[in-house]
Amino acid sequence: MTGLIQILIEGVLVGLVYGLVAISFVVIYRASRIINLAQGEVLLFGAYVLWSVTEGARAAGVGLPLPVALGLTALACIAFGVMLERGIFRPLIGQSGFTIFMAGVALLILLRGVTQLLWGAQSRTAPVILPEGALTLGPFLANTRLLIGALFTLALTAALHVFFTRSRLGLRLAAVAEDHVTALSLGVSVRQAIAVAWVLGTLVATAAAVVLLSGSILSLEVAGIGFKALPVALLGGLESIRGAPLAGVIIGVLEALATTYLDPITNGAASGVLPYVAMIAVLLIRPYGLFGWRRIERL
Amino acid sequence: MLKRTLLAAGALALGLAGTAMARTYVMTASADYSGPFADVMPDAMAGLKATIDWWNATVGKDLGVDVRLKIYDMRYDGAVIARTWPAILAGDRPIMHLGFGSPDLTTLMGRLPNDRVPMLLGTAMVGLVWKPGGWHFSVRPTYSHEFAGLFAHLQAGKGGVLRIGAISTQNQAGFVDQVKGVQQLARQYPDRFAVVGVQWAETAPVSLTAQMRALLAERPDLVLIGGTTAQVIAAVKAMEELGQRVPIVTSTHNGLYEVSKGIPLERLEGAMAAFSFSPPGRPDLPMRDVFESFATEGRWGLITAQACAQAILALRVLERAIAAKGADGVDGQAMYDALLGHQYTEEELLGVLPSLDYDETAPFPVGRIKATAEVVRDGAITTLTDGWFDVPALERW
């Protein structure tokens, strides 16, 4: 029993990291009705900016205090989010979902190229931002980095939920997510909403990069986490801030259970497949996800 | 004035004639300046260049042959290789291609026998392509052979059965193949080796604690991680969380130098990397002297030693091809025949490789295969032993 609970703890912690990345998808979709396929690349960009102002700056002989480095990273990410909105998605306001979807594909390719151009393809040491090691809770262990990430995810979820449901700006963003043209006719600034969405999405993705990569290796491959988190966002419902971490927990726990109990008899295949089998099963019953709005679009 | 002009013209003509007398052959090489191996590529290519420059200035000069190295950035991408290769064949007419990694292997191995250009890799082979009659070869055996050599050495020191745990990924066939080869080792030598558990994970895992806990429950003597650097780092952290330390065995691409970029060597104490060319830190290594005398760029290290090993074997093969066909008669077929028709001693390979023998049954050295290893001791990377380990014979898996 102790073993099972330990597995569940690890599944929940890893799942909440997936959930954190998924929130960055949801924030953008919720406010702008755009599924940003390049969210993994946005995360990667944030991670490289963070590397530049920490390890990169230190290598250049300009060591910055961590709070300053984090502040600079946040500012750079805000600028990056605004740039994406101004340069790519603002001109597409009012266009079809398919056009915006294809712009996302183009952005994915563009960002990979730009990241490689700016920082090269070399793997780098990600800065240690979060404490390493594990916290002992009776007979159980919890990875400190993941535990902090999980608590951050839960706090962020609560804060964003309040923002989207209680604040005037958040409600405007929801109106934009309903329909660009209708929102415009109601006097809601679609431009402002989408700009806010991109800034939020970029910041959340960079926060996810901190949790994911603290003290590890940063390489272009990290962008793959985007495609791991997209199904989590779909499962939770693309409009649901609170659905993303819950779906992350479901995927994380299923993955952990499959790793322990099914991988030994399936040669490692189960943990990679089972969570997504469960996701497809849920989507067959609730195509809009567990907590998404009852609206289905076919691209 | 006229006399001076005539003298200068004469000197120039003699120089040109001298150059024209040397027969030039092209060897092409795959590089990866913009993919996953971008950070080590300058040193790798420096190793190829230095070795070829040395050969041209010494052996080639006496033979009247000059080797021209043409490097192509294939980006470790099969699609790039597939579209570049026809132009290489038509434009460069290489006598041998110096390949790099699985993309070269999987993209080119099927067509090389028809193209009549042998390919020699510096990266280790995989059992997946262990088929007879190919024109693709490596200076190294399979990853599994290299691990088997180290395991045999460790088992001999320990006695009894060496209990091997493994963490790998299903995302890349080559990494699955490493594990299968080690499982074959355990099947063939059950009184010496046992694979007590295999855990599968992502190439860049969020955490490996669950996998490591399950693996450590099987009480392995060591944990084999031949996949990625991120996996090794995650495994070290997972063991620290669990309060246990079991030596990790890696390969070269995710080896000690790469891992130490992400985690201090003090936390890797006892970790090992197995491979089958000389460790760069081996004392009195003639190949290192060559590199340091002729290199105009790059630093001596693991990837440099691997590239030098690849280049020196290619050049020794060329010498045998010239001996058989003459300085003007070498082509891809002559290189293929020379590679398979001779044994190459450690001495003529300048100590960077053990003595090698090839035949058409396998794309890697056959006979008495050797391996070696590095280990982290007292917070520094050092050679595990001075010499080579004998690799136990493995049947195909």
Side-chain angles (χ1 to χ4, degrees), chain A residues 3 6-11 13-18 21 113 116-117 120-126 128 132-136 141-146 149 211-213 215-225 228 252 255-261 263-264 266-273, chain B residues 32-42 73 75-76 166-171 175-176 179-180 183 197-215 217-218 228-234 236-243 254 258-264 267:
Chain A
Q6 181 65 55
I7 292 163
L8 293 177
I9 290 171
E10 280 157 9
L13 294 181
V14 171
L16 283 170
V17 174
Y18 296 156
V21 184
Q116 190 168 321
L117 193 69
Q122 296 92 327
S123 52
R124 298 165 191 277
T125 308
V128 181
E132 298 190 334
L135 199 66
T136 306
L141 286 175
N143 179 296
T144 316
R145 170 178 62 97
L146 296 181
V211 177
L212 192 69
L213 296 172
S216 189
I217 291 285
L218 172 59
S219 68
L220 296 174
E221 284 181 12
V222 168
I225 189 72
K228 186 115 187 170
E255 197 175 74
L257 290 172
T259 297
T260 308
Y261 298 112
D263 275 1
T266 59
N267 217 15
S271 61
V273 173
Chain B
D32 172 22
Y33 285 108
S34 43
F37 296 98
D39 43 352
V40 296
M41 205 43 51
D73 186 2
R75 309 182 69 167
Y76 208 68
I167 292 178
S168 188
T169 178
Q170 291 277 356
N171 294 353
F175 294 150
V176 177
V179 175
K180 286 186 174 174
Q183 287 171 328
V198 180
Q199 292 289 320
W200 303 98
E202 296 288 329
T203 49
V206 176
S207 166
L208 276 181
T209 308
Q211 288 88 344
M212 192 54 82
R213 179 183 291 103
L215 200 56
E218 305 296 333
T228 66
T229 307
Q231 284 181 331
V232 178
I233 291 172
V236 171
K237 290 182 175 179
M239 279 197 278
E240 287 173 350
E241 279 177 37
L242 297 168
N254 68 335
E258 292 305 303
V259 177
S260 66
K261 292 177 185 172
I263 201 164
R267 292 166 69 182

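Quick note on labels: first sequence line is chain A, next is B, and so on, each numbered from 1.
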Considering only heavy atoms, which portion of [X] lies under 4.5 Å from any heavy atom of chain A: side chain, backbone, both, or neither?
X        : value
B:Lys261 : both
B:Thr203 : side chain
B:Val198 : neither
B:Ala214 : neither
B:Leu242 : both

Are any of the side-chain heavy atoms of [X] and [Y] separated by less than 4.5 Å?
X        : Y        : value
B:Ile233 : A:Ile217 : yes
A:Arg145 : B:Lys237 : no
A:Leu13  : B:Ser207 : no

Selection from A:Ala126, A:Pro264, A:Gly215 maximising heavy-atom pairs under 4.5 Å formed with chain B: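 So the answer, after comparing A:Ala126, A:Pro264, A:Gly215, is A:Gly215.
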
Top contributor to chain B contacts, counting heavy-atom pairs under 4.5 Å, from A:Thr136, A:Val128, A:Leu141: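 Winner by heavy-atom pair count: A:Leu141.
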
CD-CG distance between A:Glu221 and B:Asn171, expressed to the nearest 0.5 angstrom: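 With rounding to 0.5 Å, CD (A:Glu221) is 9.5 Å from CG (B:Asn171).
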
Rounded distance (nearest 0.5 Å) linking atom CD of A:Glu132 with atom CZ of B:Arg267: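 Reported to 0.5 Å precision, the distance equals 4.5 Å.
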
A:Lys228 atom NZ: more than 12 heavy-atom contacts under 6.0 Å: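 Yes.
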
Chain B contact via A:Ile7 - side chain, backbone, both or neither, heavy atoms under 4.5 Å: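 Interface part for A:Ile7: neither.
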
A:Asp263, A:Thr260, A:Thr259 screened by side-chain contact (heavy atoms from CB on, under 4.5 Å) with B:Gln211, the one that passes: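 Among A:Asp263, A:Thr260, A:Thr259, the one that satisfies the side-chain contact (heavy atoms from CB on, under 4.5 Å) with B:Gln211 is A:Thr259.
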
